[in-house]
Amino acid sequence: MRLFKYIALASVLSLSSCSKDFLGDDFLTKDPLDQLTDPAFWSSENNIRTYTYGFYNYYFKGYGSGWAWGDYFAGQFINDDFSPQSPNENVVTQFLINVPTSGGGWSPALPSSQTPTNASSYYSRIRKANHFIESVPIAELDEEVQNHWLGIGRFFRGLEYANFVNTFGDVPYIDRVMQEDDPELYKPRDSRVLVMDKVLEDFQFAAEHVRSSDGAAQQSVNKYVVLAYMSRVFLFEGTWLKYHDINQDKAQEYLQAAKWAADEVIKSGAFSISDDYRALFTSESLKGNPEVILFKEYVEGVMQHSLMSYNNLEPQAGISKNAIDSYLLSDGLPTGISPLYNGDKTVADALKNRDGRMGQTVAPGLRMMNTMSNYAFSGYAAHKFLNEELKNETVGSSSLNITDAPIIRYGEVLLNYAEASAELGELTQADLDKSINVLRKRQGVNLPALQVAGNMPSVNGQTYDDPDRDASVPSMLWEIRRERRSEMMFEGLRLDDLRRWKKLEYADTEKNPTINRGAYIVKSDYTSGQLNGITIDGNQEGYIIPSNSVKRTVEDKFYLDPLPLDQISLYRNNGAELTQNPGW
């Protein structure tokens with residue numbers, strides 16, 4: 001509860017603009033708080049710590065709040081895990097088609113006094129981080145204290161620039177607080193490599209200087225949070241540079257950084273895999289969970305969310321047949337090879353003898369439209385985030401959910417380590433044993449260990465090659481990517497994974513029709529009323545083609561967002577040039 005108070009106070013100290021409706025006209029006429037230069041303020045670690053909590057609500061959304069979801073479940077619907085639906089209140093599944101006139105997170109790096117009151121942009125948060133980094137030395141704190149907080153500031157700046165580059169590619173890099181007459185206010189875009197080199201410097205400084213423990217345990221940024229995010233950020237950037245063929249040398253450097261950061265977390269011994277996979281996403285409290293590096297706490301009457309309700313009472317888009325087919329059988333073999341596979345003519349058959357995480361992610365029965373209110377358009381529903389003990393309580397309904405959200409966890413770090421090792425061509429059996437095979441040994445998963453047989457995957461001494469493998473992806477890497485998908489299903493990273501691998505084609509319904517398919521049904525098992533609006537791909541029986549499903553094709557330009565037109569015009573009006581992304 002105390003952390004909620006700190007975050008509320010930090011929102012006042014934040015230099016992000018506050019709405020007139022919330023604070024009133026008088027507040028907006030005061031000098032901007034980002035001009036704080038009083039050494040007395042910056043001489044207090046409590047003040048500094050509280051100020052940093054102003055970053056938390058943006059970067060660590062968790063399950064969101066109220067009816068606004070965070071990054072989990074439907075945080076990134078445009079992928080191959082969900083059946084694609086036409087946009088409505090439950091689903092948004094189409095790529096951005098037109099260049100926006102404004103918005104998109106890109107706005108000039110103006111002082112807060114010159115920024116619109118409703119601005120929420122990468123540069124407003126970068127400016128806040130730069131202000132913090134410039135302000136910490138004001139009070140001339142002890143070296144350890146100063147370096148810790150500088151590391152926190154540089155972590156947030158690095159994280160923001162990584163997100164900025166993720167969205168737009170090349171962006172102007174600014175590492176100081178600029179004034180409205182600064183000659184670099186309208187500087188051209190820097191290459192993503194230059195920017196990410198600066199991000200790497202920020203993360204390296206933070207990894208060296210941020211304390212292993214500071215503030216509320218598992219709810220505050222510390223060394224391990226920095227390292228975990230470093231492994232995520234540089235796995236993304238290393239594979240992006242590799243598969244988009246931008247800079248192979250830098251790709252190797254960034255992948256080494258990702259592997260190093262993940263290994264530092266592993267070697268610390270500070271974390272271990274939880275015995276209960278589903279409890280990571282359904283617990284009323286994640287305090288003390290050995291796998292959780294950082295989590296967001298929810299408390300009744302203070303901070304609540306609605307994500308659990310969408311796994312309980314509300315309709316959902318539904319899991320795609322493509323995702324269902326991706327899970328291994330309990331013998332560690334894929335559906336096209338394993339003798340244990342019973343087919344998928346019923347949901348029970350589809351779930352039988354599978355990777356234990358599948359049954360903890362997919363609801364056990366068919367949830368078809370017209371047969372229940374909490375249906376899934378595909379017939380396959382997710383229940384990964386549903387706390388069974390709370391589902392009939394008030395806190396299991398509406399936007400009143402109180403289950404805690406993992407922000408970043410040790411399981412992801414292990415996956416990042418394994419993938420970086422494979423991408424570097426350094427993967428050994430020892431690497432698998434301390435990463436993926438740790439996840440496979442989790443109670444309730446119980447898959448056999450993944451083994452290296454030359455360059456091929458093997459289980460229980462049987463070398464295999466998935467007949468459904470993308471031929472452009474080596475067999476072992478295919479299995480590592482499968483492991484990531486199974487472990488992190490609906491955790492909001494799948495779209496970024498497809499983008500960094502240059503595999504958005506997997507989300508193309510023409511190239512992958514099983515995205516647009518759901519559970520198998522036989523029409524004679526249902527009444528005409530129950531079949532109203534239900535389409536299948538056969539005459540009397542077949543796979544559901546989800547209602548309102550859409551055809552989604554992929555173009556190369558979708559890998560990066562377009563820059564808003566007003567920013568291009570703003571640059572031009574100030575005698576500068578801001579180039580648009582390719583294809584837009």
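Looking at Glu426, its side chain never comes within 3.5 Å of a backbone N or O of Ala422 through a donor-acceptor pair. Although no hydrogens or angles enter the test, the distance criterion places no donor-acceptor pair under 3.5 Å between the side chain of Asn374 and the main chain of Pro315. Remark: the backbone N or O of Ser330 is not paired with any side-chain donor or acceptor of Asn353 at under 3.5 angstrom. Of the possible polar contacts, none joining the Ser486 side chain to the Glu483 backbone as a donor-acceptor pair under 3.5 Å is found. Looking at Asn401, its side chain does come within 3.5 Å of a backbone N or O of Met308 through a donor-acceptor pair. Counting only distance, with no hydrogens or angles, the side chain of Glu541 and the backbone of Ile521 share no donor-acceptor pair below 3.5 Å. Under the 3.5 Å distance criterion, the side-chain polar atoms of Thr509 are left unmatched by any main-chain donor or acceptor of Pro513. Glu291 places no side-chain N or O within donor-acceptor distance of the main-chain N or O of Leu280, the cut-off being under 3.5 Å. Under a 3.5 Å cut-off, the side chain of Arg494 and the backbone N or O of Met488 do not form any donor-acceptor pair.
Residue pairs meeting the salt bridge (charged side-chain N to carboxylate O under 4.0 Å, His left out) criterion with at least one partner in residues 367-379, sequence neighbours excluded, do not occur; the list is empty.
Between Asp508 and Arg552 there is no salt bridge, since no side-chain N of the basic residue sits under 4.0 Å from a carboxylate O of the acidic one. Salt bridge Glu208/Lys223: absent, no basic N to carboxylate O contact under 4.0 Å. Using a cut-off of 4.0 Å between Lys/Arg side-chain N and Asp/Glu carboxylate O, Arg500 and Asp496 are scored as not salt-bridged. Here Lys434 pairs with Asp263 in a salt bridge; the nearest charged N to carboxylate O distance falls below 4.0 Å. A salt bridge does not link Asp466 to Arg469: none of the charged nitrogens lies less than 4.0 Å from a carboxylate oxygen. Salt bridge Lys511/Glu505: absent, no basic N to carboxylate O contact under 4.0 Å. Under 4.0 Å is where a charged nitrogen must lie from a carboxylate oxygen, and between Glu297 and Lys287 at least one such pair does. Between Arg485 and Asp80 there is a salt bridge, since at least one side-chain N of the basic residue sits less than 4.0 Å from a carboxylate O of the acidic one. In summary, Arg278 and Glu388 engage in a salt bridge, as defined by a charged side-chain N under 4.0 Å from a carboxylate O.
Atom CD in Glu487 sits 6.5 Å away from atom CD1 in Ile273 (nearest 0.5 Å). Note that OG of Ser268 is 9.0 Å distant from CD1 of Ile266, once rounded to the nearest 0.5 Å. Within the model, atoms CD1 of Ile407 and OH of Tyr72 stand 6.0 Å from one another, a figure rounded to the nearest 0.5 Å. Arg442 contributes atom CZ, which lies 13.0 Å from atom CZ of Arg440 (distance to the nearest 0.5 angstrom). One distance of note links CG of Leu447 with CD1 of Ile436; it measures 11.0 Å at 0.5 Å rounding. The distance from atom OG1 of Thr282 to atom CG of Leu386, rounded to the nearest 0.5 Å, is 8.0 Å.
Ring planes of Tyr559 and His244: perpendicular class, angle over 60° (limits at 30 and 60°).
Side-chain contact annotation: Ser472 with Asp470, donor-acceptor N/O pair under 3.5 Å present. Remark: the Tyr59 side chain and the Glu160 side chain contain an N/O donor-acceptor pair separated by less than 3.5 Å. Between the side chains of Asp431 and Thr428, at least one donor N or O sits under 3.5 Å from an acceptor N or O. Using a 3.5 Å distance cut-off with no hydrogens or angles, the side chains of Glu412 and Tyr417 do not pair a donor with an acceptor. Using modelled atom types and a 3.5 Å distance limit, the side chains of Ser475 and Asp465 yield a donor-acceptor pair. Remark: the Glu419 side chain and the Asn416 side chain contain no N/O donor-acceptor pair separated by less than 3.5 Å.
For the pair Val221/Phe156, a side-chain contact is recorded, criterion being any heavy-atom separation below 4.5 Å from C-beta on. Side chains of Leu450 and Gln429 form no contact here, defined as non-hydrogen atoms less than 4.5 Å apart. The shortest side-chain heavy-atom distance between Arg499 and Leu560 falls under the 4.5 Å cut-off. Counting heavy atoms from C-beta outward, Val165 and Trp240 have side chains that stay 4.5 Å or more apart.
Both tests pass for Lys384 against the ring of Phe281: distance under 6.0 Å to the centre and angle within 45° of the axis. Judged by the 6.0 Å and 45° rule, Lys296 forms no cation-pi pair with Tyr63.
Here Tyr243 pairs with Glu423, Arg481 under the side-chain hydrogen bond (donor to acceptor under 3.5 Å, both in side chains) rule; sequence neighbours left out.
Just one residue in the list Asn79, Thr514, Asn512 forms a side chain to side chain donor-acceptor pair (under 3.5 Å) with Asn322, and that residue is Thr514. Residue Tyr254 is tested with Thr239, Asn247, Asp197 for a side chain to side chain donor-acceptor pair (under 3.5 Å); the sole match is Asp197.
Ring centroids of Phe205 and Phe203 are separated by 6.0 Å or more, keeping the two rings apart.
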